[in-house]
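Below you'll find the structure, written out as C-alpha cells, and then a few comments.
Counting starts at 1 for both ligands and their atoms, following the listed order.
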Amino acid sequence: MQDDPIYLDHNGTTPVDERVLQATLPYLAEHFGNPSTKSVYGARARAGLDRARAQLADFLGCQPGELALTSGATESNNWVLQGVTAAHAGPKRPHLLISQIEHPSVSKTADFLERTGRAEVTRVGVDSTGRVDPESVRLALRPNTVLVSIMHSNNEVGTLQPIQAIAEAVAGKALLHTDAAQSAGKVNLDLTGIDFLSLAGHKMYAPKGIGALYIRQGRSLEPLLFGAGHEGGRRSGTEPVALAVALGEAAALCCPEEGQKLARLRDRLENGLRTALGANVQLNGHLTQRLPNTLNLSFLHTTGAELTARCPELAASTGPACHDGAVRLSHVLQAMGVSPEVGKGAVRLTLGRSTTDEQVDRALSVLVAAYQALTVVR
Ligand code: PLP
C-alpha cells in the first residue's frame, strides 16, 4: 500500500511474488484434485506437483526424487535431526554436532533429543563475525557422530558459513545437514558434500507453509510424519499442491543477478549510515562473507528498539529484546561475543526483490534523523 512503511524485513518473510501468485491460483481453483487419485483431476494436480519438483530440482542441481516437500524449514530441520537420530538408535547414543547460532528449529530439536536421552549433542562456537571454524568441527567429531548440522547462513547477521570446508572436514565421518532457509535465492547453493539441505518457501517469495528437504540419494532418514506414504513413503500427508506449485515457481524465478542488485543497495545503505554516523554504528556479522541483502548494525548509545520505535516509516527487526530495562542479547550475538553495550543497539535491515534506490535513501535519512534526535535528547 502507498503509505505502508518501507519493508526492510525480508529475512523475516518475503512478500509473495506476483508471478508466483498467478502460477498458484489455478491450483487453488480448477486444479483442486488430489494428486494421489487416478481421475483427470488427480492427474492435473500430479502434473503441477511434478513440474514444481522438477523446477526445485533444477534450482538446486539435484534429482527430483531427492526432494521431499515439507511445511517449511522448521519441519525440514526437525525431520533431519530426529530422523537421522532415529535411524541410528541403538545401545550407543548417537552424537549430533551443531553450532551455537542455529535457528531454534535446529537447536531446540537438539535440546529435545539430548533431554530425552536419544542423542549426545555438541554445540560448536563461532568467531566474532559469526563464522564456524571447520577445524573446530573436525576436532569435535567423535566415533559416534552421525550428523553435523550447520546453517548455510545466519538469519540475524547474515554470516555465510564455510560450508564446503566444513563438508571436507566431515566427509566420510558423519552426514552433513545445512539449513539454507536464508541462503536460497540470495546466494548460489552447491550441494557438494551435503547430505541434507532445508528450504523455506516464505523466504524466497513463495507463501508460508511450504518448504522442502533435499535428501541425497541413499541417505537413511526415518520419517517424522507417518501415514499413507506420500513423498515416496518419506513424508505422509496429502501434498499441498498449490503451495508446491508456488515453491517451484519461486525457485524458477531465482537468479544470481538478484544477489548483485541486493548487495549494491545494501552497501548504499551501509555506506550512507557509516558516513553519517561514523563510529556510532558497528557492523554485526562478516563484512564480505554475508548474505547480500542483510545489514545488521549496532547503533551505539541507544537500543535497537528505541531507534526503530522512532522510525514508523520503516519495517525492520531489532535484535535483542528488552525486559524491564535489562537487555538480553540474542543467542547469535552472545555466541559472537558482542558486548551487551553494543548488542543492545542492534537493528537488522534486510532488503528484497522490490527494494528500490529511493527506498534505501529514504530509510537512510529516516534512520539518521531518528538516531540524531535520540542521542541529542540524551
Ligand atoms: N531456519 C532459518 C535460518 C530461518 O531463518 C527460519 C525462519 O525464520 C527457519 C529455519 C524456519 O523456517 P519456517 O518458517 O519455514 O519454518
Taking only heavy atoms of [X], which atoms of ligand 1 are found under 4.0 Å from at least one of them?
| X | answer |
| --- | --- |
| Asn155 | 3 (C), 5 (O) |
| Ala200 | 15 (O) |
| Ser105 | 10 (C) |
| Gly72 | 15 (O) |
| Lys203 | 5 (O), 6 (C), 7 (C), 8 (O) |
| Met151 | 3 (C) |
| His202 | 13 (P), 14 (O), 15 (O) |

Identify the protein heavy atom lying closest to [atom], giving its residue, its atom name and the separation to 0.1 Å.
| atom | answer |
| --- | --- |
| atom 5 (O) of ligand 1 | Gln182 NE2, 2.9 Å |
| atom 15 (O) of ligand 1 | Ala73 N, 2.9 Å |
| atom 4 (C) of ligand 1 | His103 CD2, 3.4 Å |
| atom 1 (N) of ligand 1 | Asp179 OD2, 2.6 Å |

Between the side chains of [Y] and [X], is the shortest nitrogen-to-carboxylate-oxygen separation below 4.0 Å, so that they form an ion pair?
| X | Y | result |
| --- | --- | --- |
| Arg138 | Glu135 | yes |
| Arg51 | Glu249 | yes |
| Glu75 | Arg235 | yes |

**Request:** Would you please indicate yes or no on a ring centroid separation below 6.0 angstrom for Phe32 and Tyr27?
**Result:**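 Between Phe32 and Tyr27, which both carry aromatic rings, the centre distance is not below 6.0 Å.
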**Request:** Validate the cation-pi geometry between Arg216 and Phe196: distance from NZ or CZ to the six-membered ring centre under 6.0 Å, angle to the ring axis within 45°.
**Result:**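 The answer is no; the distance or angle limit is not met.
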**Asked** Just how far is it from atom CG of Leu329 to atom CE of Met336, taken to the nearest 0.5 Å?
**Response**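 The distance works out to 10.5 Å.
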**Message:** Using 0.5 Å steps for rounding, measure from the CZ atom of Arg46 to the NZ atom of Lys38.
**Reply:**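 Those atoms lie 9.0 Å apart.
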**Asked** Going by distance alone, is a donor N or O of one side chain under 3.5 Å from an acceptor N or O of the other, for Arg131 and Thr129?
**Response**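 Short answer, no.
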**Asked** How does Thr74 reach ligand 1, by side chain, by backbone, by both or by neither, if only non-hydrogen atoms under 4.0 Å count?
**Response**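 Both backbone and side chain.
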**Asked** Taking both backbone and side-chain atoms of Ser71, is any N or O found less than 3.5 Å from an N or O belonging to ligand 1?
**Response**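 Looking only at distances, the answer is no, because the N/O contact criterion of under 3.5 Å is not met.
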**Request:** Evaluate side chain to side chain donor-acceptor pair (under 3.5 Å) for Thr13 paired with Lys203, printing each intermediate quantity in order.
**Result:** CA-CA 5 Å; Thr13 196; Lys203 311 287 187 187; 5.8 Å; no
